[in-house]
Amino acid sequence: PTATQTGNTPTPQATGISTAAIPSGVFVVLPWNAEPDPAIWDRPIDGIVVRTYWKDIEPSDGAYDWSYLDRQFNAAEENGKKIHLIIAPGFNSPQWVLQKVPTAMFVPPQDSDGGSFGESPEKPLPVPWDEGYLSLWFGFIDQVAQRYASRPAFGYISLTGPNSHNGEASLVVGPIDRSGVSPKDG
């Protein structure tokens with residue numbers, strides 16, 4: 001960034017940023033794993049926010065079910081709309097991942113199975129800073145990017161990394177070290 005002087009206060013100026021790459025417009029946020037009403041495509045919107053779970057796309061290691069996302073991208077492209085994609089890891093990581101990485105048991109703040117805080121039993125949450133978990137998550141995101149980044153309907157992917165329950169950056173509330181796992185120092 002550079003700055004220009006206006007009076008005594010420098011004004012920051014962004015350099016090297018293309019405004020064409022900055023997402024904008026009106027998007028309809030779909031419920032998790034929902035198929036949009038076909039009438040949505042006739043509305044004066046720029047696109048839809050598609051939200052899904054990692055466990056639904058890669059139910060077993062290296063075996064992908066792209067059918068839900070393919071349908072959304074195909075419909076968006078047929079109607080000249082964009083996709084903002086959110087894929088939630090954390091509690092919604094595939095079972096095979098949960099068996100390979102350190103986890104701690106917590107009650108999900110929001111449960112992908114429909115429960116809300118306090119109504120669901122404890123579930124394993126991958127330790128978000130574990131290098132093995134991050135490697136699996138980043139490998140998955142690379143596969144998503146390879147499949148969709150060049151599609152005309154692709155707008156962007158919201159990535160927050162391994163978190164507790166949704167596309168926001170949030171961890172569970174509670175002592176994670178109760179299972180013998182604690183954050184790295186430093």
Side-chain angles (χ1 to χ4, degrees), residues 23 27-37 40 47-73 83-149 154-186:
F27 285 73
V28 173
V29 180
L30 298 178
W32 292 91
N33 284 331
E35 297 288 343
D37 181 325
I40 197 82
I48 60 174
V49 178
V50 174
R51 302 184 298 169
T52 190
Y53 304 113
W54 181 10
K55 66 183 180 182
D56 295 330
I57 299 172
E58 190 180 11
S60 58
D61 192 358
Y64 301 95
D65 180 355
W66 301 112
S67 59
Y68 172 70
L69 292 179
D70 285 349
R71 282 192 308 277
Q72 307 321 309
F73 274 88
I83 298 282
H84 167 180
L85 183 58
I86 297 174
I87 302 173
F91 285 116
N92 297 294
S93 298
Q95 189 63 39
W96 65 269
V97 169
L98 299 174
Q99 293 170 349
K100 286 185 171 186
V101 301
T103 62
M105 298 300 290
F106 290 96
V107 174
Q110 295 172 329
D111 194 347
S112 60
D113 298 324
S116 47
F117 188 75
E119 295 178 2
S120 301
E122 285 188 330
K123 291 185 172 183
L125 177 67
V127 176
W129 51 84
D130 176 70
E131 290 179 19
Y133 182 69
L134 291 172
S135 177
L136 294 170
W137 172 238
F138 294 148
F140 168 73
I141 292 304
D142 284 345
Q143 292 298 312
V144 173
Q146 286 178 24
R147 187 166 184 93
Y148 296 108
F154 179 77
Y156 59 101
I157 301 175
S158 291
L159 294 178
T160 59
N163 56 16
S164 68
H165 64 290
N166 62 25
E168 299 172 2
S170 59
L171 293 171
V172 295
V173 177
I176 196 162
D177 61 349
R178 71 181 178 187
S179 68
V181 179
S182 60
K184 293 180 181 177
D185 293 330

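All residue numbers refer to positions in the sequence shown, counting from 1.
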| task | Indicate yes or no for a side-chain donor-acceptor contact from W137 to the backbone of P128 under 3.5 Å, with no hydrogens or angles considered. | result | no
Could you give the distance from [atom1] ([X]) to [atom2] ([Y]), rounded to the nearest 0.5 Å?
X: I141; Y: L136; atom1: CD1; atom2: CG; value: 12.0 Å
X: N92; Y: I57; atom1: CG; atom2: CD1; value: 11.0 Å
X: L98; Y: T103; atom1: CG; atom2: OG1; value: 6.5 Å
X: Q72; Y: W66; atom1: CD; atom2: CH2; value: 14.0 Å

| task | List the steps and the verdict of side-chain contact (heavy atoms from CB on, under 4.5 Å) for Q95 and Q99. | result | CA-CA 6 Å; Q95 189 63 39; Q99 293 170 349; 3.8 Å; yes
Got [X] and [Y] here, is their nearest side-chain heavy-atom distance under 4.5 Å?
X: V49; Y: V28; value: no
X: V97; Y: F140; value: no
X: D56; Y: Y68; value: no

| request: If the plane angle is over 60° it's perpendicular, under 30° parallel, otherwise tilted; pick one for F154 and F73. | output: parallel
Specify the closest pair of heavy atoms between [X] and [Y], including all atoms of both residues, with the distance to one decimal.
X: K123; Y: F91; answer: O-CE2, 3.4 Å
X: W96; Y: E58; answer: NE1-O, 2.9 Å
X: G132; Y: V101; answer: C-CG1, 4.1 Å
X: I48; Y: F27; answer: N-CD2, 3.5 Å

| field | Pair listing, salt bridge (charged side-chain N to carboxylate O under 4.0 Å, His left out) test, anchored in residues 84-101, at least two apart | value | D61-K100
| field | Identified side chain to side chain donor-acceptor pair (under 3.5 Å) counterpart of S93 within the set Y133, Y53, W54 | value | Y133
| request: Could you point out which residue of V29, I87, L85 forms a side chain to side chain contact (heavy atoms under 4.5 Å, CB included) with R51? | output: V29
| query | Can you name the side chain to side chain donor-acceptor pair (under 3.5 Å) partners of S67, sequence neighbours left out? | reply | D65
